[in-house]
4 protein chains.
Amino acid sequence: MTESTASKRRAPRADARRNRDHILDTAEQYFSEHGVTGSLDAIAKRAGIGAGTLYRHFPNREALLASLLSARDEQLVARRDELRTSAKNAAEALDGWLNAVTDWACAFDGLPEPLRAATTTNLSPLAVTCQGFITTTDEFLRAAQDQGEARADIRALDLFLAALATSWVRGAAMADAASGAALAALTRSGWEQAPDHSNTRRTA
Amino acid sequence: MTESTASKRRAPRADARRNRDHILDTAEQYFSEHGVTGSLDAIAKRAGIGAGTLYRHFPNREALLASLLSARDEQLVARRDELRTSAKNAAEALDGWLNAVTDWACAFDGLPEPLRAATTTNLSPLAVTCQGFITTTDEFLRAAQDQGEARADIRALDLFLAALATSWVRGAAMADAASGAALAALTRSGWEQAPDHSNTRRTA
Amino acid sequence: MTESTASKRRAPRADARRNRDHILDTAEQYFSEHGVTGSLDAIAKRAGIGAGTLYRHFPNREALLASLLSARDEQLVARRDELRTSAKNAAEALDGWLNAVTDWACAFDGLPEPLRAATTTNLSPLAVTCQGFITTTDEFLRAAQDQGEARADIRALDLFLAALATSWVRGAAMADAASGAALAALTRSGWEQAPDHSNTRRTA
Amino acid sequence: MTESTASKRRAPRADARRNRDHILDTAEQYFSEHGVTGSLDAIAKRAGIGAGTLYRHFPNREALLASLLSARDEQLVARRDELRTSAKNAAEALDGWLNAVTDWACAFDGLPEPLRAATTTNLSPLAVTCQGFITTTDEFLRAAQDQGEARADIRALDLFLAALATSWVRGAAMADAASGAALAALTRSGWEQAPDHSNTRRTA
DNA sequence: GATGAATGAGTGTTCATTCAT
DNA sequence: AATGAATGAACACTCATTCAT
């Protein structure tokens, strides 16, 4: 299917492809330096192309972000497959996945914000990206729930948002890394001490 | 304490005081409508004063925000006192307090962002405000820990940040309210199911 | 004449012809919606062709407009013939013709502007179109003048411009239709009251 | 009244006034060269001020135009008074006035367009300016009608629009001046030859 | 013949902050 | 103390036209 449509627009034109890739590289670097709210014009300038060219490839900031992030999909997908096979149990797999998502959402300063927005608007190009990850989260979550390793009243969307929130807490490069980790831990175990009459062992 | 420094500049001039209050009222309204990133110029205009006057009272956006929020301190302090006496146990008190903080940080759209920043920069006028609430959080947390109702490895700062994160997830008025509540719940209990040795009852 | 030059490049290629027609249809619709200053790129996009193809067929906006309008020539020519036979006198014929021209120039929002320009520059592809209509106007005018039904000091060009001006006054769809009609009436009879020798008393 | 409000905002600040005047001078020159659609940024740059300063004084193009034109009001008003006293009859006065309006609307290339728009939208700052002139037109028109020198079925608005249309026909500096005059003449007397054998019958 | 990528100056507008009045 | 004018870079985004493919 994808092939047939691709055959229609035969040549993606070598220079266009090159430009596109160059824009992505430049944006990656620029966003790393200035956060996701950095100037698109500045990216175009740094890439040595006209602003129009950037907008042709990526009609708006979110489209650019989406492309940037989907380039990292492979890594996340790889991580997912790895967790599926190597995790010692469903809870570890879910935990590992959520950590991976958190890292992913920390790619650029300010990234969690549009991602969160994308979970509710559905209009953003980021929405599809997010949706895919929520689905994966759901798979891990269900597995853990089936194994009795995760509470039954948890929704995948909420875990995804919790991961984003953790990225958000980590915030800028300067922020307290420990607090980010702490929120991740809270998300897993909560602050509440189980009122264990006998001996509830719980691993921090 | 604050009074003694104020005594230095004897009469704060009635009109200045009036202006200040009027700015605060206007800003309150404006931020409610447009979020915390709204235009300060617009606030000055709506308040019917010059931009310079606004900047005289509040040298920057965060100073304005800090004043705005500290006006709500009383409510939070009242809530704190209420929780201290009425909560049936330390865990409920802590939970109630965190919910109060979460609500407080939802006062304006986009408010969690500068608050989070204030927890790390220390330079922001908001830092003092935050610090006070972190201290209160610490009191509740310690009480709960002393009662064995909260895990010992939790830090007040992290709980405070978790509350902010919850506000952040709630986000704009449009956002999914359930997800906000879900993160609060996660923060309390985590998604992990305690490995029950007897018989795990689980409702699908 | 035009045919002989066309015979040079024998087959206009079926697809080229089809493209050309499709562009015209699309442009007709687009200009109706957005006025004559609408984006040519958008027209190409809507027509499903590349921008270059559009420019191959019509090197600039005015060339496109000219083709668009000459497609309506038939209607105007038909109207001309109709007026020649059916009008009860030369003045009515001229009046009918000017109204037809006015309607024609109202085809798209903003059309009168390039038409007026075309009457003076001669470089525009629209110039030919306009010239033809001015000639026809001249025929009707002369007939009326011969019949003593039109003043002798009137020029066809000026009547044509007056018709364009009337279209211009009608302006966008929103404009005051009555004023358009009023200008047409003024053009015919003027605001001046003929000095009546008897005694025309007229109360304002 | 105007004085009391003026006293409130005591100092229009000498530099502000100077800037404002300088902007107006620059805009006058720039619009003369490039027409009313010229770049506002370019005007700011040429005036040696920041774009923001221009926008502070004139929030949009039409506000700037309105100020520019109202500076010419005095001339028109003077002309009005002159016509009132010196015109040999009401018809000449009206004719002189319409010519004055036409000249006024020719001040810049492209000016008739926003003026016409202003007669229908009412939202434009130009609307007030236009309204004033329409009122004056009405005075001259009524006088002429009272004298039996103008047809009773004419509206002031339509005469005003006819004057604008005449300016529009004159168009750019390059345009055919004769055609402009011709439309003005048409507006006054029409193209129709009164079929007067003896007594002038004229159909409305 | 057709394509559509590239151009890049240009658009109007905003805004936090400073400083002359 | 209050004012509000000035700043001017920055913003996202557009579009007619060219030209390599």
Side-chain angles (χ1 to χ4, degrees), chain A residues 8-20 37-45 48-61, chain B residues 9 11-20 37-45 48-57 59-61 64, chain C residues 9 11-20 37-45 48-57 59-61 64, chain D residues 8-20 23 37-42 44-45 48-61:
Chain A
K8 195 164 191 175
R9 36 187 87 234
R10 268 299 163 146
R13 259 234 234 158
D15 60 339
R17 177 115 213 112
R18 225 177 308 123
N19 259 337
R20 203 191 122 95
T37 58
S39 153
L40 297 193
D41 270 26
I43 291 174
K45 189 157 289 180
I49 59 162
T53 306
L54 188 151
Y55 280 90
R56 160 171 286 271
H57 285 288
F58 311 100
N60 53 50
R61 166 173 266 112
Chain B
R9 37 185 85 234
R13 256 233 227 164
D15 61 338
R17 179 113 211 114
R18 227 178 309 123
N19 262 338
R20 201 189 123 94
T37 58
S39 153
L40 296 191
D41 261 26
I43 292 174
K45 186 158 291 178
I49 59 160
T53 308
L54 187 151
Y55 278 87
R56 162 167 292 272
H57 287 288
N60 53 47
R61 167 175 263 112
L64 177 54
Chain C
R9 39 185 83 233
R13 254 230 227 165
D15 62 339
R17 179 113 212 113
R18 225 177 309 123
N19 261 340
R20 202 190 123 95
T37 58
S39 153
L40 296 192
D41 260 27
I43 291 174
K45 187 157 291 179
I49 58 160
T53 307
L54 188 151
Y55 277 86
R56 162 166 290 272
H57 286 288
N60 53 48
R61 166 176 264 112
L64 177 55
Chain D
K8 195 165 191 176
R9 37 188 82 238
R10 268 299 162 142
R13 260 234 234 160
D15 60 340
R17 176 113 215 118
R18 225 178 308 123
N19 259 334
R20 201 190 123 95
I23 291 171
T37 58
S39 154
L40 296 192
D41 269 27
K45 190 157 290 179
I49 58 161
T53 306
L54 188 151
Y55 279 89
R56 161 169 287 270
H57 286 287
F58 311 100
N60 52 50
R61 167 172 265 112

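Protein chains get the first letters and strands the later ones, always in sequence-line order, with residue 1 at the start of each.
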Taking only side-chain nitrogens and oxygens of C/Thr53, does any of them come within less than 4.0 Å of OP1 or OP2 of E/dT3?
-> yes
In whole Å, what is the span from the NE2 atom of A/His57 to the P atom of E/dG4?
-> 13 Å
When the nearest nucleotide of DNA chain F is assigned to D/Asp41 and to B/Gly50 on a heavy-atom basis, which residue is associated with the more 5' position?
-> B/Gly50
Point-to-point distance, once rounded to the nearest 0.5 Å, from CG of A/Leu54 to CD1 of A/Ile49 = 5.0 Å
Worked check of side chain to side chain contact (heavy atoms under 4.5 Å, CB included) between A/Tyr55 and A/Asp41 | CA-CA 10 Å; A/Tyr55 280 90; A/Asp41 270 26; 4.3 Å; yes
Can you check the A/Lys45 NZ to F/dC11 C1' distance for me, whole Å?
-> 12 Å
To the nearest Å, give me how far apart CG (B/Leu54) and C1' (E/dT18) are.
-> 14 Å
Separation between CZ (B/Arg20) and CG (B/Leu64), nearest 0.5 Å, reads 9.0 Å
Atom-pair distance (CD1 on C/Ile43; P on F/dA16), nearest Å | 9 Å
Find the distance between NE2 (D/His57) and CG (D/Asn19) and round it off to the nearest 0.5 Å.
-> 5.0 Å
Checking N1-N3 plus N6-O4 or O6-N4 for Watson-Crick, or N1-O2 and O6-N3 for wobble, each under 3.5 Å, the partner of F/dG4 is E/dC19
When you match D/Leu40 and C/Gly48 each to their closest nucleotide on DNA chain E, which lands nearer the 5' end?
-> C/Gly48
Can you check whether A/Arg61 has a side-chain N or O nearer than 4.0 Å to OP1 or OP2 of F/dA12?
-> yes
Just how far, in rounded Å, is P of E/dA5 from CD1 of C/Ile49?
-> 14 Å
Compare side-chain N and O positions of D/Asn19 against OP1 and OP2 of F/dA6 and report whether any pair is under 4.0 Å apart.
-> yes
Report the distance from atom CZ of D/Arg20 to atom P of F/dT7, rounded to the nearest whole Å.
-> 16 Å
Options E/dT17, F/dA5, E/dA5, nucleotide nearest the side-chain atoms of C/Ala51 | E/dA5
Which distance, rounded to the nearest 0.5 Å, do you find between the CD1 of C/Ile43 and the CZ of C/Arg61?
-> 7.0 Å
Using Watson-Crick or G-U wobble geometry with both distances below 3.5 Å, tell me the partner of E/dT11, or none.
-> F/dA12
Grab the CZ-P distance between A/Phe58 and E/dA5 for me, whole Å please.
-> 12 Å
What is the nucleic acid contact for D/Ser39, judged by heavy atoms within less than 4.0 Å: base, sugar-phosphate only, or nothing?
-> sugar-phosphate
Spacing between C/Arg17 atom CZ and E/dA2 atom P, to the nearest angstrom = 12 Å
Would you please confirm or rule out a distance under 4.0 Å between OP1 or OP2 of F/dA1 and any side-chain N or O of B/Arg56?
-> yes
